[in-house]
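Worksheet for the structure shown next.
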Protein chains: 2
Amino acid sequence: MEITLAALHGRWTTLVVRELLRGDLSYSELRAVLPALSDKVLSDRLAQLAEAGVVERDRRPGWPPRVRYALTPSGHRLGPVLQALWDWGAEASGRDSGAESGHETNPVH
Amino acid sequence: MEITLAALHGRWTTLVVRELLRGDLSYSELRAVLPALSDKVLSDRLAQLAEAGVVERDRRPGWPPRVRYALTPSGHRLGPVLQALWDWGAEASGRDSGAESGHETNPVH
DNA sequence: CTGTATCCTGAACGATACTG
DNA sequence: CAGTATCGTTCAGGATACAG
């Protein structure tokens, strides 16, 4: 449990993972999708996630440099975890936000 | 999702919740079970969790003062969330820690 | 394009002492 | 028993400049 929290540690980590759950992204795509993150923080998070075995860097040769970030299998297994986090938050913050019929509401895709 | 992370924010918050999932506890019982937390931090976490609607304080009159901390219904719903965190961490940190037959391993009780 | 280096600020933590 | 007050430390986060 502390392992998971360590892997997800940091204010923006879950958002990075959530974006990557939707598909691979390059560094600049990530930056465009998450404008709130400074270069340093984004870099830090990616390094941390790579260290935790959640994301993988694909550095493709040539010029200009292109790098794609993708979730590892372990990273994909975080999907249900984030879903659990989302579900609790949705339920806890009032049950009137419209359109839910019980328990779907797909936030991840 | 960010709501949940805000509610669980802090290094020790999940451990406090986990103890309370097992049943109500008094302040000193919590302190005894979580010796790593200073009074200040424990106090901070309980206030934060109360603010988030996760725990409830039962202040019982008389002397000496007795207070029981209990999870709200919302707090009990965090059980599956913590379970998801635990499961991922267990899976991610190597599959050789003995005795698991697939997907049980009950850490919470 | 994809990052790293540096510096600064604010928040969380931790220990100790003290109050109702 | 059940906390709050205060203070010092540590660490993540944010901005900017620079490098491969």
Side-chain angles (χ1 to χ4, degrees), chain A residues 1-20 23-52 54-72 85, chain B residues 1-20 23-52 54-72 85:
Chain A
M1 186 154 92
E2 301 127 39
I3 294 163
T4 311
L5 290 171
L8 295 179
H9 186 233
R11 208 157 148 198
W12 306 106
T13 313
T14 54
L15 295 180
V16 173
V17 173
R18 191 157 74 108
E19 293 306 325
L20 290 175
D24 309 15
L25 291 171
S26 69
Y27 184 87
S28 49
E29 286 168 336
L30 276 169
R31 197 167 42 180
V33 171
L34 301 167
L37 278 77
S38 70
D39 278 343
K40 178 187 178 291
V41 175
L42 178 54
S43 209
D44 286 352
R45 290 309 132 241
L46 289 169
Q48 163 197 332
L49 289 168
E51 175 73 19
V54 171
V55 308
E56 202 172 22
R57 296 179 54 178
D58 263 357
R59 178 182 291 274
R60 303 186 42 182
W63 192 262
R66 294 236 160 220
V67 180
R68 297 213 68 88
Y69 288 93
L71 294 179
T72 63
L85 293 174
Chain B
M1 186 154 91
E2 301 127 39
I3 293 163
T4 311
L5 291 171
L8 295 180
H9 185 234
R11 210 156 147 199
W12 306 107
T13 312
T14 53
L15 295 181
V16 173
V17 173
R18 191 157 72 108
E19 292 306 324
L20 290 176
D24 310 14
L25 291 171
S26 68
Y27 184 87
S28 49
E29 284 168 337
L30 276 169
R31 197 166 43 181
V33 170
L34 301 167
L37 278 77
S38 70
D39 278 342
K40 176 185 178 298
V41 175
L42 178 54
S43 209
D44 286 352
R45 289 309 131 241
L46 289 170
Q48 163 196 332
L49 289 168
E51 175 72 18
V54 171
V55 307
E56 202 173 22
R57 294 179 55 177
D58 263 357
R59 177 183 290 275
R60 303 187 43 184
W63 193 263
R66 293 237 161 219
V67 179
R68 295 215 69 92
Y69 288 92
L71 293 179
T72 63
L85 293 174

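Only a predicted model underlies this, so the values are computations on that prediction, with no experimental measurement involved. All chains are named by letter (A, B, ...) in the order of the sequence lines, taking the proteins before the strands, and each is independently numbered beginning at 1. Atoms considered below: every heavy atom in the structure, side chains included; atoms not considered: hydrogens, waters and symmetry mates.
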What are the two closest heavy atoms between A:Val55 and A:Leu46, and how far apart are they? CG2-O, 3.9 Å

Out of curiosity, A:Met1 CE to B:Thr14 OG1, how far, rounded to the nearest 0.5 Å? 4.0 Å

Classify B:Arg11 by what it touches in the nucleic acid, base, sugar-phosphate, or nothing, heavy-atom distance under 4.0 Å. sugar-phosphate

Could you state the interatomic distance from CG (B:Leu30) to OH (B:Tyr69), rounded to the nearest 0.5 Å? 8.0 Å

Within-4.5 Å side-chain heavy-atom neighbours: B:Val16 and B:Leu37: yes

Inter- and intrachain pairs under salt bridge (charged side-chain N to carboxylate O under 4.0 Å, His left out), touching residues 40-52 of chain B, at least two apart: B:Lys40-B:Asp44

Opening and closing nucleotides of DNA chain C in contact with chain A, under 4.0 Å to non-hydrogen atoms: C:dC1 to C:dT6

Nearest 0.5 Å please: distance from the CG atom of B:Leu71 over to the CZ atom of B:Arg18. 13.0 Å

Could you pick out which residue, A:Pro65 or B:Val67, lies toward the 5' side of DNA chain D when each is mapped onto its nearest nucleotide? B:Val67

Contacts of type side chain to side chain donor-acceptor pair (under 3.5 Å), residue A:Glu56, not counting sequence neighbours: none

First encountered from the 5' end of DNA chain C, between A:Arg66 and B:Leu37: A:Arg66

For residues 4-13 of chain B, which side-chain N or O atoms pair as donor and acceptor with protein atoms under 3.5 Å away, sequence neighbours left out?
{"residue": "B:Thr4", "atom": "OG1", "partner": "A:Leu85", "partner atom": "O", "Å": "2.4"}
{"residue": "B:Thr4", "atom": "OG1", "partner": "A:Gly89", "partner atom": "N", "Å": "3.0"}
{"residue": "B:Thr13", "atom": "OG1", "partner": "B:His9", "partner atom": "O", "Å": "2.7"}
{"residue": "B:Thr13", "atom": "OG1", "partner": "B:Gly10", "partner atom": "O", "Å": "3.4"}

Which atom pairs link the protein and nucleotides 4-7 of chain D when you take only N or O atoms and keep those under 3.5 Å?
{"residue": "D:dT4", "atom": "OP2", "partner": "B:Ser43", "partner atom": "OG", "Å": "2.4"}

For A:His9 and D:dA12, give me the distance from atom NE2 to atom P, rounded to whole Å. 6 Å

For B:Arg68, side chain to side chain donor-acceptor pair (under 3.5 Å) partners two or more places apart: B:Glu29

Protein-nucleotide distance (B:Asp58, atom CG; D:dG3, atom C1'), rounded to Å: 17 Å

Taking OP1 and OP2 of D:dG14, is either one under 4.0 Å from a side-chain nitrogen or oxygen of A:Trp12? yes

Applying side chain to side chain donor-acceptor pair (under 3.5 Å), name anything that partners A:Asp39, two or more places apart in sequence or on another chain. A:Tyr27, A:Arg31

Sequence neighbours excluded, the answer for side chain to side chain donor-acceptor pair (under 3.5 Å) partners of A:Thr72 is none

Note the angle between the end axes of the helix from C:dC1-D:dG20 to C:dG20-D:dC1, five pairs defining each, rounded to 10 degrees. 50°

